[in-house]
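Take a look at the structure below.
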Amino acid sequence: ESEFEQWLSRARTTVQDEAVSLSVDELPEQDAFEHQDSQAAGALNANVVDGQFNSELATLKSEMHSIKQLLEHQVAELMWQDTRRRAPVKAMLISKLKDMGLSSKVAEHLTHFIGDDIHQGNAWPKMLELLTEQLDTTSNEIIKRGGVYALVGPTGVGKTTTIAKLAARYAQIHGADKVGLITTDSFRIGALEQLATYAKILGCPLKQAKDTDELSEAIYQLRNKKLVLIDTAGMSQRDIKLTERLNYLLTRSRVNIKNYLVLSATSQMSVLQESVQHFKTIPLSGCIFTKIDESLSLGELMSVAIHNRLPIGYLTNGQRVPEDIRVANSDKIVQKANQLFELKQKVIKQNNK
């Protein structure tokens, strides 16, 4: 396609050069004035031809792109048929992993660790073991170690409620006097009031910071606290300016802040992946998945975590504070994902009867 465009460009340049190669000086004296009068009309015609050329080129590029997509689809289908013929067990595993919600890339990657001689009855349990090994967790880092942590992520995923759950859990173990809260959310109406209510119930201080200086000052005022949690403004993964502001806010502070990305389990795979790519401009220490109780599949979460090598910290499954939060455990996540997958398959079989 690129070579074809270059050829068209050269041909277009050649035609235009030939069209204007005959200058006024080379024309007979009696035709010079006629040539000058026709220049305006020639320019207009050139614009029309140029527009037609660009339109035809765009149409041609669109058709070539469609042909390319068709060929890619046919080649992928042929490769899949070849895989099913040569390695039927691996093809079965890929199909089940994709039905579980994992992406094609992650599913194919996992099957590379399965030997060709494995028995079909042992294949799926072995795959679940591999899936468990691929999932990384932070081993309850926030509650066990303490420190300064910021929760970042898109709007509406439950960052503020998750901070309240983590703070309450830490207060239960180490005492409320060891916890401090900071909010940098000056965009959402009622954001400060919501976190202030949680802080009042827990009996811990709350500071507000609008810029890096105020953030550093707030962290300094809470220097005697074992755990400081920072609530950031929710933002769309497509809002570049807000992300740049957040990145500047968190990376220019004089204190080492660990960032956890909060994502909703109800989001589509493409939305989850786009959010991770967008917030990767901020150094991420791990992720927290919310609304597990509203999700019908955990494959998308596992796929995003594996693909981006992002450790999972916590899972939340409700609105209750602090009951509805769980420390991420690879075994339990895979077991729950398999249970949801089996339930889904059972429902499909019943609907097909």
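Keep in mind that this is a model prediction, so the values were computed, not measured.
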- prompt: In this structure, are over 12 heavy atoms from other groups packed under 6.0 Å from Leu343 atom CG?
  reply: yes
Margin query: Applying a strict under-4.5 Å side-chain criterion to I, L, V, M, F, W and Y, I'd like to know whether Tyr220 and Val148 cluster together.
Written below: no
Nearest heavy-atom approach of Val179 to Ala171 is CG2-N, 4.2 Å
Counting only heavy atoms not in Glu323, do more than 12 sit closer than 6.0 Å to its CD atom? yes
field: 4.5 Å side-chain heavy-atom contact, Ile182 and Ile219
entry: yes
Looking at Lys126, I want to see if its NZ is surrounded by more than 12 non-hydrogen atoms of other residues, nucleotides or ligands under 6.0 Å.
no
Closest non-hydrogen contact found for Thr266 with Ser295 is CG2-N, 4.3 Å
- prompt: Do you reckon Ile201 sits in the same ILVMFWY cluster as Ile173, going by side-chain contacts under 4.5 Å, direct or chained?
  reply: no
_Quick one, Lys344 with Ser297, criterion side chain to side chain contact (heavy atoms under 4.5 Å, CB included). Give me CA distance, side-chain angles, the key distance, then yes/no._
CA-CA 9 Å; Lys344 175 183 174 182; Ser297 170; over 6 Å; no
- prompt: Between the side chain of Ser139 and the main-chain N/O of Glu141, is any donor-acceptor distance below 3.5 Å?
  reply: no
Under a 3.5 Å cutoff, is there a donor and acceptor pairing between the side chains of Gln221 and Glu217? yes
Problem set entry | Side-chain heavy atoms of Thr161 within contact of Tyr198, under 4.5 Å | yes
With Tyr314 as partner, the option from Asn140, Thr162, Thr290 fulfilling side chain to side chain donor-acceptor pair (under 3.5 Å) is Asn140
Between Ile312 and the options Leu301, Asp136, Ile333, Val304, the side-chain contact (heavy atoms from CB on, under 4.5 Å) test singles out Ile333
request  = Check the angle between the aromatic planes of Phe341 and Trp124 and answer parallel, tilted or perpendicular using the 30° and 60° thresholds.
outcome  = tilted
Greater than 12 external heavy atoms within 6.0 Å of Lys96's NZ: yes
Side chains of Ile142 and Tyr260 in contact at under 4.5 Å (non-hydrogen atoms) = yes
Scanning both residues in full, the closest heavy-atom pair of Met92 with Ala123 reads CE-CB, 4.4 Å
Side chains of Lys226 and His174, heavy atoms from C-beta outward: is any pair under 4.5 Å?
no
When rounded to the nearest 0.5 Å, the distance separating CG of Leu340 from CE of Met100 is 9.0 Å
Give the cluster check for Leu93 versus Phe113: same hydrophobic cluster or not, with ILVMFWY residues linked at side-chain heavy-atom distances below 4.5 Å.
yes
Looking only at heavy atoms, the pair that brings Leu272 and Glu300 closest together is CD1-CB, 4.1 Å
Determine whether Leu263 and Val276 make a side-chain contact, defined as any pair of heavy atoms from C-beta on separated by less than 4.5 Å. yes
Checklist entry - Given Leu110 and Met127, is the side chain to side chain contact (heavy atoms under 4.5 Å, CB included) satisfied, shown in steps? => result CA-CA 8 Å; Leu110 290 173; Met127 178 53 67; 3.8 Å; yes
Would Asp231 and Leu181 count as a side chain to side chain contact (heavy atoms under 4.5 Å, CB included) if you check the C-alpha gap in whole Å, the side-chain angles of each, and the deciding distance to 0.1 Å? CA-CA 8 Å; Asp231 187 20; Leu181 303 179; over 6 Å; no
* Asked: Do Ser285 and Thr138 touch side chain to side chain, with heavy atoms closer than 4.5 Å?
  -> no
inquiry  = Is it the case that the side chain of Thr111 and the backbone of Lys90 share a donor-acceptor pair, with hydrogens and angles ignored and the cut-off at 3.5 Å?
reply    = no
Between Leu206 and Ala199, the two heavy atoms sitting closest are CB-CB, 4.0 Å
Do side-chain atoms of Lys159 reach the backbone of Pro154 as a donor and acceptor pair under 3.5 angstrom? yes
**Message:** Walk me through whether Leu227 and Tyr149 qualify under side chain to side chain contact (heavy atoms under 4.5 Å, CB included).
**Reply:** CA-CA 8 Å; Leu227 176 66; Tyr149 297 88; 3.7 Å; yes
Tightest non-hydrogen contact, residues Lys207 and Ala218, listed as CB-CB, 3.8 Å
Exactly one candidate in Leu130, Leu131, Leu298 meets side-chain contact (heavy atoms from CB on, under 4.5 Å) with Val334; the answer is Leu131
Rounded to the nearest 0.5 Å, the CG atom of Leu97 sits from the NE2 atom of His109 at a distance of 11.5 Å
CD of Gln273 to OG of Ser103, rounded to nearest 0.5 Å, is 8.0 Å
Q) Would you say Leu202 and Leu229 are hydrophobically clustered, going by side-chain heavy atoms of ILVMFWY under 4.5 Å? A) no
Open item on the list: Could you check whether any side-chain N or O of Thr232 sits under 3.5 Å from a backbone N or O of Gly153, counting only pairs where one atom can act as donor and the other as acceptor?
Closed with: no
(message) Donor-acceptor check, side chain of Lys165 to backbone of Asp324, threshold 3.5 angstrom: yes or no?
(response) yes
Separation between CG (Leu151) and CG (Leu166), nearest 0.5 Å, reads 6.5 Å
Membership question, hydrophobic clusters at under 4.5 Å side-chain separation (ILVMFWY): are Leu128 and Ile306 in the same one? yes
The reported gap from CD1 in Ile282 to CG in Asn259 (rounded to nearest 0.5 angstrom) is 6.0 Å
With side chains defined as the heavy atoms from C-beta onward, is the minimum distance between Lys280 and Gln277 less than 4.5 Å? yes
Checklist entry - Tell me, do Arg326 and Ile292 make a side-chain contact under 4.5 Å, heavy atoms counted? => result no
dist Thr160:OG1 -> Gln194:CD (nearest 0.5 Å) comes out at 5.0 Å
